[in-house]
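Proteins come first, then strands; the chains are lettered A, B, ... in the order of their sequence lines, and each starts at number 1.
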Protein chains: 2
Amino acid sequence: MQSQLKRGTLELCVLSILCRGDRYGYELVNIISSCMHITEGTIYPLMKRLKDAGSIDSYIVESQEGPPRKYYRITDDGRVIQKEQETEWRSFSVAINKLLDGEEKQ
Amino acid sequence: MQSQLKRGTLELCVLSILCRGDRYGYELVNIISSCMHITEGTIYPLMKRLKDAGSIDSYIVESQEGPPRKYYRITDDGRVIQKEQETEWRSFSVAINKLLDGEEKQ
DNA sequence: CATAGTACCTTGCAAAACAATGTACTATGT
DNA sequence: ACATAGTACATTGTTTTGCAAGGTACTATG
């Protein structure tokens with residue numbers, strides 16, 4: 001079930017990481033893996049969606065340690081989206097914690 | 001997009017509310033609506049899934065103010081699930097906040 | 001020359017939120 | 001008598017997205 005929790009937050013995670021600097025796909029998998037289970041089958045389709053939406057763009061860099069890397073860079077539009085989603089996440093998690101702690105009106 | 005954030009957490013919300021007392025479906029929609037957008041099309045299928053899984057059971061109570069109400073009661077198994085999911089949620093939200101704040105290893 | 005690690009990508013499946021739609025009861029107003 | 005609104009249940013079909021499984025290809029190591 002763990003997997004369902006990630007819905008909607010992975011995009012925010014990726015955008016937030018890219019806000020702090022360019023990364024390539026495989027690197028993103030490793031970074032996020034330190035916090036939660038994730039595989040390439042999740043990241044690459046997500047990067048494609050983000051690129052199609054104009055939130056990120058990309059460029060290729062050759063590597064001596066293996067195949068060429070596709071680096072992703074966040075766009076100005078992407079930064080706006082990231083801010084929106086971060087705000088959404090903060091208020092959402094507050095709302096959930098409220099319901100967990102039983103602060104709804106009777 | 002808001003909708004995607006709810007994945008996996010609605011179940012926890014419902015179980016947490018039922019931990020504090022029995023509720024009927026329409027009532028749950030109203031309680032949760034005070035925190036986030038939700039409709040009956042989400043709750044009723046969820047209640048069916050929870051019942052099939054043995055996390056809740058239900059009983060009918062006649063009402064003078066409208067049609068009969070189907071009350072849901074959490075089972076012992078459901079309480080175990082609720083605790084597990086609450087723990088999962090807490091550690092998940094910590095992990096997300098870490099990624100947002102850029103505490104991943106470089 | 002086999003294996004492991006790096007790095008890319010696609011296909012197909014499954015879970016779950018939700019709009020839309022439908023039924024049926026009670027109460028209120030006209 | 002009849003329309004409307006509120007309460008309360010339920011189902012169908014669509015959409016999104018996470019992810020296992022599979023594939024390609026490069027470099028380095030034993």
Side-chain angles (χ1 to χ4, degrees), chain A residues 1-15 22-33 35-53 55-56 58-72 81 85 88-89 92 95-96, chain B residues 1-15 22-33 35-53 55-56 58-72 81 85 88-89 92 95-96:
Chain A
M1 99 124 272
Q2 248 284 45
S3 92
Q4 295 301 318
L5 282 179
K6 292 170 206 158
R7 297 250 169 185
T9 55
L10 272 185
E11 189 176 317
L12 170 59
C13 288
V14 166
L15 291 177
D22 297 359
R23 302 286 190 178
Y24 57 97
Y26 195 77
E27 194 182 13
L28 284 170
V29 173
N30 288 334
I31 292 171
I32 300 176
S33 285
C35 281
M36 70 189 86
H37 174 82
I38 199 183
T39 68
E40 296 155 280
T42 305
I43 279 291
Y44 291 118
L46 171 59
M47 301 317 282
K48 195 175 185 312
R49 289 197 298 272
L50 288 171
K51 197 172 176 182
D52 289 347
S55 299
I56 59 174
S58 64
Y59 54 93
I60 304 289
V61 174
E62 294 297 320
S63 163
Q64 294 94 340
E65 310 143 53
R69 296 162 172 171
K70 187 188 265 186
Y71 276 85
Y72 296 99
I81 302 284
Q85 290 193 359
E88 244 176 50
W89 161 256
F92 174 77
I96 297 295
Chain B
M1 99 126 269
Q2 246 285 45
S3 96
Q4 294 300 319
L5 282 179
K6 290 169 208 159
R7 298 246 172 187
T9 53
L10 271 184
E11 188 176 318
L12 170 59
C13 289
V14 166
L15 290 177
D22 298 359
R23 302 287 191 177
Y24 55 97
Y26 194 78
E27 194 182 11
L28 284 170
V29 173
N30 288 333
I31 291 172
I32 300 177
S33 286
C35 281
M36 70 189 87
H37 173 81
I38 199 183
T39 68
E40 296 154 281
T42 304
I43 278 291
Y44 290 119
L46 171 59
M47 301 318 281
K48 194 174 184 313
R49 289 197 299 272
L50 287 171
K51 197 173 177 183
D52 289 347
S55 300
I56 59 174
S58 64
Y59 53 94
I60 304 289
V61 175
E62 294 297 321
S63 165
Q64 293 94 338
E65 310 144 54
R69 297 162 172 174
K70 186 187 268 186
Y71 276 84
Y72 296 99
I81 302 283
Q85 290 194 1
E88 243 176 48
W89 161 255
F92 175 78
I96 297 295

With respect to the side chain of [X], which nucleotide from [options] is positioned closest?
X	options	answer
B:Tyr24	D:dT7, D:dC26, D:dC9	D:dC9
B:Arg7	D:dG18, D:dA20, C:dA17	C:dA17
A:His37	D:dC26, C:dC18, D:dC19	D:dC19
B:Pro67	D:dT7, C:dC18, C:dA17	D:dT7
B:Thr42	D:dC19, C:dC9, C:dA17	C:dA17
A:Pro45	D:dT16, C:dC9, D:dC19	D:dC19
A:Leu10	D:dC19, C:dA16, D:dA8	D:dC19
B:Thr39	C:dC18, C:dA17, D:dC19	C:dC18

Any [X] side-chain N or O less than 4.0 Å from OP1/OP2 of [N]:
X	N	result
B:Arg69	C:dA24	no
A:Ser3	D:dG18	no
B:Tyr26	D:dT7	yes
A:Lys48	C:dT10	no

Given the rule in the side-chain contact (heavy atoms from CB on, under 4.5 Å) test, do A:Phe92 and B:Met36 qualify, once you have shown the distances and angles that lead to the verdict? CA-CA 8 Å; A:Phe92 174 77; B:Met36 70 189 87; 4.1 Å; yes
DNA chain D: B:Pro68 or A:Ile43, which has the more 5' nearest nucleotide?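 It is B:Pro68 whose nearest nucleotide is closer to the 5' end.
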Any N or O donor-acceptor pair linking the side chain of A:Glu40 to the base of C:dC9 at under 3.5 Å?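 By the distance-only test, no, there is no pair.
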Any idea which heavy atoms bring B:Gly25 and B:Tyr72 closest together, and the distance?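 The answer is N-CE1, 3.8 Å.
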Which pair of non-hydrogen atoms, one from A:Leu10 and one from A:Ile38, has the smallest distance, and what is that distance?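 The pair with the smallest heavy-atom distance is CD2-CD1, 3.8 Å.
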With heavy-atom distances below 4.5 Å as the criterion, would you say the side chains of B:Ile56 and B:Leu15 are in contact?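 They are in side-chain contact.
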Is there a side-chain contact (heavy atoms from CB on, under 4.5 Å) between B:Tyr59 and B:Asp22 once you walk through the steps? CA-CA 10 Å; B:Tyr59 53 94; B:Asp22 298 359; 2.5 Å; yes
Nearest-nucleotide wise, let me know which of A:Gly66 and B:Glu65 is further upstream toward the 5' end of DNA chain C.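 Between the two, 5'-proximity favours A:Gly66.
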Only one of B:Arg49, B:Gln85, B:Lys6 forms a side-chain hydrogen bond (donor to acceptor under 3.5 Å, both in side chains) with B:Glu11, so which one is it?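 Of the listed residues B:Arg49, B:Gln85, B:Lys6, the side-chain hydrogen bond (donor to acceptor under 3.5 Å, both in side chains) partner of B:Glu11 is B:Gln85.
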Expressed as a whole number of angstroms, how long is the span from [X]:[atom1] to [N]:[atom2]?
X	N	atom1	atom2	value
B:Leu12	C:dA16	CG	P	13 Å
A:Leu28	C:dT6	CG	P	15 Å
B:Tyr59	D:dC9	OH	P	12 Å
A:Met47	D:dT17	CE	P	14 Å
B:Leu46	D:dT12	CG	P	17 Å
B:Asn30	D:dA8	CG	C1'	10 Å
B:Ile38	C:dA17	CD1	P	8 Å
A:Tyr44	C:dT10	OH	P	11 Å

Using purine N1 to pyrimidine N3 plus N6-O4 or O6-N4 for Watson-Crick, or N1-O2 and O6-N3 for G-U wobble, each under 3.5 Å, what pairs with D:dG30?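 Pairing partner: C:dC1.
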